[in-house]
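Presented below is the structure to which this report refers.
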Amino acid sequence: MNPQIVTFLIKCPDKKGIISALTGFFFKEGFNIISAQQYTNSLEGKFFMRIRLTSDDSVAISKNQLENKFSDLAKSYQITWKVDYGSKKQKVAILVSHTSHNLYDLLYRHREGELNCDVRMVISNHQKLKSVADMFGVPFHYAPVTAETKSEQENELTRLLDSHKIDLIVMARYMQILSAGFIDRYQGKIINIHHSFLPAFQGANPYKRAYERGVKLIGATAHYATKDLDEGPIIEQGVERVTHECTPASLKKIGADIETLVLAKAVNFHLNNQVIVDGNKAIVFPETGE
Ligand SMILES: Nc1nc2c(c(=O)[nH]1)N[C@@H](CN(C=O)c1ccc(C(=O)N[C@@H](CCC(=O)O)C(=O)O)cc1)CN2
């Protein structure tokens with residue numbers, strides 16, 4: 001197998017001997033384990049592991065052979081797993097509506113090599129942010145939508161995303177609620193930035209509602225999108241202290257900086273295979289040095 005970093009993400013019912021079985025399997029197949037992170041949820045009797053492996057020319061096994069052999073082990077421990085060979089950059093589509101700060105930030109980080117992916121396109125239901133995509137040389141696709149055309153518009157989105165084999169959809173303040181069918185098609189591949197510290201102020205206009213409530217902390221939440229609005233597994237959150245002097249406008253300003261950092265961190269956690277989704281929660285393993 002070509003020398004590269006292989007990442008296995010594993011979850012299963014907790015049971016004695018799992019770590020020994022897993023590490024023994026990879027050692028026997030000739031891999032060098034460069035990091036092994038595990039988490040046991042004793043309350044729910046669940047085990048989670050992120051294993052990073054290096055292979056070299058002495059590892060004769062092919063990807064298919066590895067996955068077939070691992071499937072046999074997985075069955076014996078009821079393991080749900082996925083593997084990333086680190087050979088291909090994930091293809092990303094960014095969905096936006098009006099607000100530009102998250103789009104600017106993601107495209108800037110991508111251009112500076114801070115996002116380990118291939119940003120293939122920007123899609124928007126408004127023309128307003130085309131100039132931003134143009135500035136970074138990223139193809140822009142205009143997909144207008146009304147309440148009456150939601151289904152056709154989503155079909156157009158699906159054609160566009162599938163024709164480019166998009167691996168990850170990032171909603172960088174895309175203000176349309178996606179249908180359950182669309183969410184199912186891209187399960188676990190849609191990350192949304194919500195401009196509040198969830199579960200507070202789900203839905204639209206969180207800054208106005210934060211002002212009306214007189215909160216002393218505001219925040220942002222990056223989560224996987226599910227059919228239930230702003231209810232998906234949380235990947236990353238951030239907060240800032242605010243005061244009674246803040247207006248909806250100043251809360252929006254403070255919030256924008258939180259949003260950009262939280263979204264960029266969440267996208268990188270996903271791209272770097274640091275996240276395991278379990279039910280409606282996300283286990284996020286810290287980045288390892290290598
Ligand atoms: N299926 C999902 N779709 C979307 C999610 C999600 O979690 N699951 N997140 C939203 C983003 N969002 C808040 O973060 C949000 C977007 C839109 C609305 C909303 O009420 N939209 C109205 C139309 C508003 C408009 O036209 O400007 C609507 O769709 O009827 C609330 C929250 C993205 N989609």
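Numbering of ligands and ligand atoms starts at 1, following listing order. Residue numbers start at 1 and run along the sequence shown.
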I'd like to check whether [X] has a polar contact with ligand 1, where a contact means an N/O of the residue lying under 3.5 Å from an N/O of the ligand.
| X | answer |
| --- | --- |
| T226 | yes |
| H195 | no |
| L178 | yes |

Notebook entry, point to check: Rounded to the nearest 0.5 Å, how far does OG of S71 lie from CD1 of I79?
Noted result: 10.0 Å

Give me the residue, atom name and distance of the protein heavy atom closest to [atom].
| atom | result |
| --- | --- |
| atom 12 (N) of ligand 1 | D230 OD1, 3.9 Å |
| atom 9 (N) of ligand 1 | N192 ND2, 3.4 Å |
| atom 18 (C) of ligand 1 | I177 CG1, 4.0 Å |
| atom 10 (C) of ligand 1 | L229 CD1, 3.8 Å |
| atom 26 (O) of ligand 1 | Q176 NE2, 2.9 Å |

Note to self: Would K69 pass as a cation-pi partner of F25, given that its NZ or CZ must be under 6.0 Å from the six-membered ring centre and within 45 degrees of the axis?
What the structure shows: no

Next item on the list: Flag this pair as yes if the NZ/CZ of K15 is under 6.0 angstrom from the six-membered ring centre of F47 and inside a 45 degree cone about the axis; otherwise no.
Entry: no

Check: Between the side chains of E231 and T226, is a donor N or O closer than 3.5 angstrom to an acceptor N or O?
Finding: no

Next item on the list: Report yes or no: do Y224 and H270 form a side-chain donor-acceptor pair below 3.5 Å?
Entry: yes

Mode of [X] contact toward ligand 1 - side chain, backbone, both, neither (heavy atoms, under 4.0 Å):
| X | value |
| --- | --- |
| K150 | side chain |
| E231 | neither |
| Y174 | backbone |

Item checked: Side-chain heavy atoms of M135 within contact of R111, under 4.5 Å -> no

Check: Are any non-hydrogen side-chain atoms of L271 and L168 less than 4.5 angstrom apart?
Finding: yes

Next item on the list: Using the side-chain hydrogen bond (donor to acceptor under 3.5 Å, both in side chains) rule, pick out the option among E259, H195, R173 that qualifies with N102.
Entry: E259

Item checked: Sub-4.0 Å heavy-atom approach of I193 to ligand 1 -> yes

Margin query: Just to be sure I'm reading this right: ignoring hydrogens, which of M175, M171, R173, E259 gets closest to atom 21 (N) of ligand 1? Compare them by their nearest heavy atoms.
Written below: M175

Next item on the list: Check each of Q202, H194, H126 against atom 13 (C) of ligand 1 and report the one with the nearest heavy atom.
Entry: H194

Note to self: Suppose I only count heavy atoms of I183 and a 4.0 Å limit; which atoms of ligand 1 are within that range?
What the structure shows: 1 (N)

Margin query: Could you go through T7 and V83, starting from their C-alpha distance and side-chain angles, then the distance that decides it, and tell me whether this counts as side chain to side chain contact (heavy atoms under 4.5 Å, CB included)?
Written below: CA-CA 6 Å; T7 305; V83 56; over 6 Å; no

Check: What class does the angle between the rings of F26 and F31 fall in, given that below 30° is parallel, 30 to 60° is tilted and above 60° is perpendicular?
Finding: perpendicular

